[in-house]
Visitor: 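Dumping the structure here so I can ask a few things about it.
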Amino acid sequence: MPMQLPKTLQWIGGPDGFLRLLDQTQLPLKVVFKDCKTVEEVHEAIRSLRVRGAPAIGVAAAMGCVIGLQVETQASLENRFLAVDQFLRTSRPTAVNLFWALDRMGRKFQQILPLKEENVLPGLLQEALEIEEEDRQMCLAIGLAGLELVPDHARILTHCNTGSLATAGRGTALSVVFAAFDSGKLRQVFCDETRPLFQGARLTAWELLQAGIPTTLICDSMAAQVMKEGKVDLVITGADRIAANGDSANKIGTYGLAILARAHALPFYIAAPSSTFDLSLANGSGIPIEERAPDEVTSPGGVQVAPEGIAVYNPAFDVTPASLISAIITEKGVIRPVSEAAIRCLLAG
Ligand code: MRU
């Protein structure tokens, strides 16, 4: 069992409480918490990746709704909710869990609106806490569902961070890693550093080290060589949004890894909860790809490595076509082979 890490996010207090986040921009060098007491602070925390990872972003946004509505103004309750909702939707574009959680908070708000005004905040908080608890359960179920795909003595390569820092529970792709470790199936993890923000080096390496899991850090550009040397049995990553046909957006570099896995005849798996599917999109071409600031590329960790004035392109995500994905692991089971019919059938069940 992985040891207990500091809580990634937690609600402190009652309906007039606040969101306490483990500030992931400071890891692994400092364990610092950020208390978000205004919706602006929640928005900033999501935008600047103090809280990150698709499921964790969804939970933070749901709690952000409660915080936003604590402020009373002249506007009607409905207009205040709408303003908070619209504002949080602008924090990050790719992870659909953000919009999924806000849609759910919106439905809850409509349900409780006819009740007395004093019931609104407790009702919304209850929904946010339910989203958090469900995510925790989904993580556990994903780990168990993924076990069937992990051979004995498995050497797993993963990208970005998909563990307890990215969710309310023990993770998505990393939940499979933890489950494999617990059941004695895991030999080693290779962890991509994940340029430009180093979620692999800073966060996954930190999580896995503390869990006592044999982990080797590599630069993103080393994955092909490691596969060619026969050191990897399978690749598992998470996802930020999965279209109806299975095309999956995840951290930049994932698409390249899927191509490499195919070239080396290795299985490539995606692990994600049902809240990461966006069945309104027929395929991945409609998934909005976040573009982030150039200095993330030119000045990693605040240290300038590129000449002043160089043009930079910094897409934060890419889309892996379903044809390169061997299976999608969800809390409801494994989708294999990946097809729209199989996805719709599993999610409906
Ligand atoms: O930019 P980030 O760090 O939020 O990106 C996170 C990822 O790409 C994760 O792989 C994805 O959200 C799945 S997390 C369980």
Side-chain angles (χ1 to χ4, degrees), residues 8-9 21-25 27 45-61 91-101 132 134-136 138-143 146 156-178 191-207 220 235-242 248-258 268-278 284 287-293 296-297 314-320 325 328-331:
T8 297
L9 35 68
L21 297 172
L22 175 59
D23 185 347
Q24 298 189 35
T25 61
L27 290 173
I46 295 174
R47 177 90 212 120
S48 64
L49 275 61
R50 294 185 204 287
V51 60
R52 44 143 305 280
I57 292 172
V59 175
S91 54
R92 288 191 81 187
T94 304
V96 77
N97 309 60
L98 172 85
F99 307 96
W100 171 88
E132 182 189 20
E134 283 171 28
D135 187 60
R136 197 170 290 129
M138 287 196 282
C139 288
L140 280 175
I142 288 171
I156 300 178
L157 191 148
T158 191
H159 191 64
C160 197
N161 173 267
T162 61
S164 69
L165 293 169
T167 62
R170 75 189 319 209
T172 56
L174 280 198
S175 182
V176 179
V177 167
F178 290 133
C191 151
D192 274 357
E193 63 177 355
T194 318
R195 284 271 292 155
L197 293 180
F198 297 99
Q199 288 92 332
R202 294 189 304 105
L203 309 177
T204 302
W206 187 71
E207 271 198 69
D220 300 340
V235 180
I236 313 184
T237 75
D240 284 78
R241 194 185 292 229
I242 304 175
S248 299
N250 191 49
K251 180 52 56 193
I252 193 76
T254 304
Y255 175 33
L257 270 187
F268 175 86
Y269 302 123
I270 293 273
S274 45
S275 52
T276 300
F277 287 78
D278 182 353
I287 299 178
I289 300 294
E290 178 180 15
E291 199 180 323
R292 295 186 62 88
E296 291 183 353
V297 176
N314 183 18
F317 298 93
D318 57 28
V319 176
T320 300
I325 302 171
I328 301 177
I329 304 158
T330 77
E331 82 280 8

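All ligand and atom numbering here is 1-based and tracks the order in the structure. Everything quoted here is computed from the prediction, not taken from an experiment.
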Visitor: Heavy-atom distances under 4.0 Å are what count here, so tell me which part of His159 touches ligand 1: side chain, backbone, both or neither.
Guide: neither

Visitor: Which residue, Val235, Ile252, Thr237, forms the side-chain contact (heavy atoms from CB on, under 4.5 Å) with His159?
Guide: Thr237

Visitor: Give a yes/no verdict on whether any heavy atom in Arg92 is under 4.0 Å from an atom of ligand 1.
Guide: yes

Visitor: Can you find an N/O atom of Cys160 closer than 3.5 Å to an N/O atom of ligand 1?
Guide: no

Visitor: Heavy-atom distances under 4.0 Å decide this one: backbone, side chain, both or neither, for Lys251 against ligand 1?
Guide: both

Visitor: For ligand 1, which atoms have a heavy atom of Gln199 less than 4.0 angstrom away?
Guide: 1 (O), 2 (P), 3 (O)

Visitor: Quick one: does ligand 1 sit under 4.0 Å from the side chain of Pro55, the backbone, both or neither, non-hydrogen atoms only?
Guide: side chain

Visitor: Quick check for you: to the nearest 0.5 Å, what is the distance between Ser248 atom OG and Ile287 atom CD1?
Guide: 7.0 Å

Visitor: Would you compute the distance between atom OG of Ser164 and atom CZ of Arg136 and round it to the nearest 0.5 angstrom?
Guide: 11.0 Å

Visitor: Could you name the option among Leu197, Asp240, Leu49, Asn161 that has the heavy atom nearest to atom 11 (C) of ligand 1?
Guide: Asp240

Visitor: Ion pair present between Asp220 and Arg195, side-chain N to carboxylate O less than 4.0 angstrom?
Guide: no

Visitor: Please determine if Glu207 and Arg170 form a salt bridge, counting it only when a charged side-chain N lies under 4.0 Å from a carboxylate O.
Guide: no

Visitor: Can you list the atoms of ligand 1 that are under 4.0 Å from a heavy atom of Thr172?
Guide: 15 (C)

Visitor: For residues Asn161 and Arg202, is any side-chain donor paired with an opposing acceptor at under 3.5 Å?
Guide: no

Visitor: Looking only at heavy atoms, is any part of Ala54 under 4.0 Å from ligand 1, and if so is it the side chain, the backbone, or both, or is it neither?
Guide: both

Visitor: For atom OH of Tyr255, is the number of surrounding heavy atoms from other residues, nucleotides or ligands below 6.0 Å larger than 12?
Guide: no

Visitor: If we only consider heavy atoms of Asn250, is any one of them less than 4.0 Å away from an atom in ligand 1?
Guide: yes

Visitor: Please report which non-hydrogen protein atom sits nearest to atom 13 (C) of ligand 1, along with the residue it belongs to and the distance in Å to one decimal place.
Guide: Ala239 O, 3.4 Å

Visitor: Write out the residue and atom name of the closest protein heavy atom to atom 3 (O) of ligand 1, then the distance separating them to 0.1 Å.
Guide: Arg52 NE, 2.5 Å

Visitor: Would you name the heavy atoms of Lys251 and Ala316 that are closest together and state the gap between them?
Guide: NZ-O, 3.1 Å

Visitor: Under a plain distance cut-off of 3.5 Å, with no hydrogens placed, do Thr25 and Asp23 share a side-chain donor-acceptor pair?
Guide: yes

Visitor: Could you list which atoms of ligand 1 come closer than 4.0 Å to a heavy atom of Ala166?
Guide: 14 (S), 15 (C)

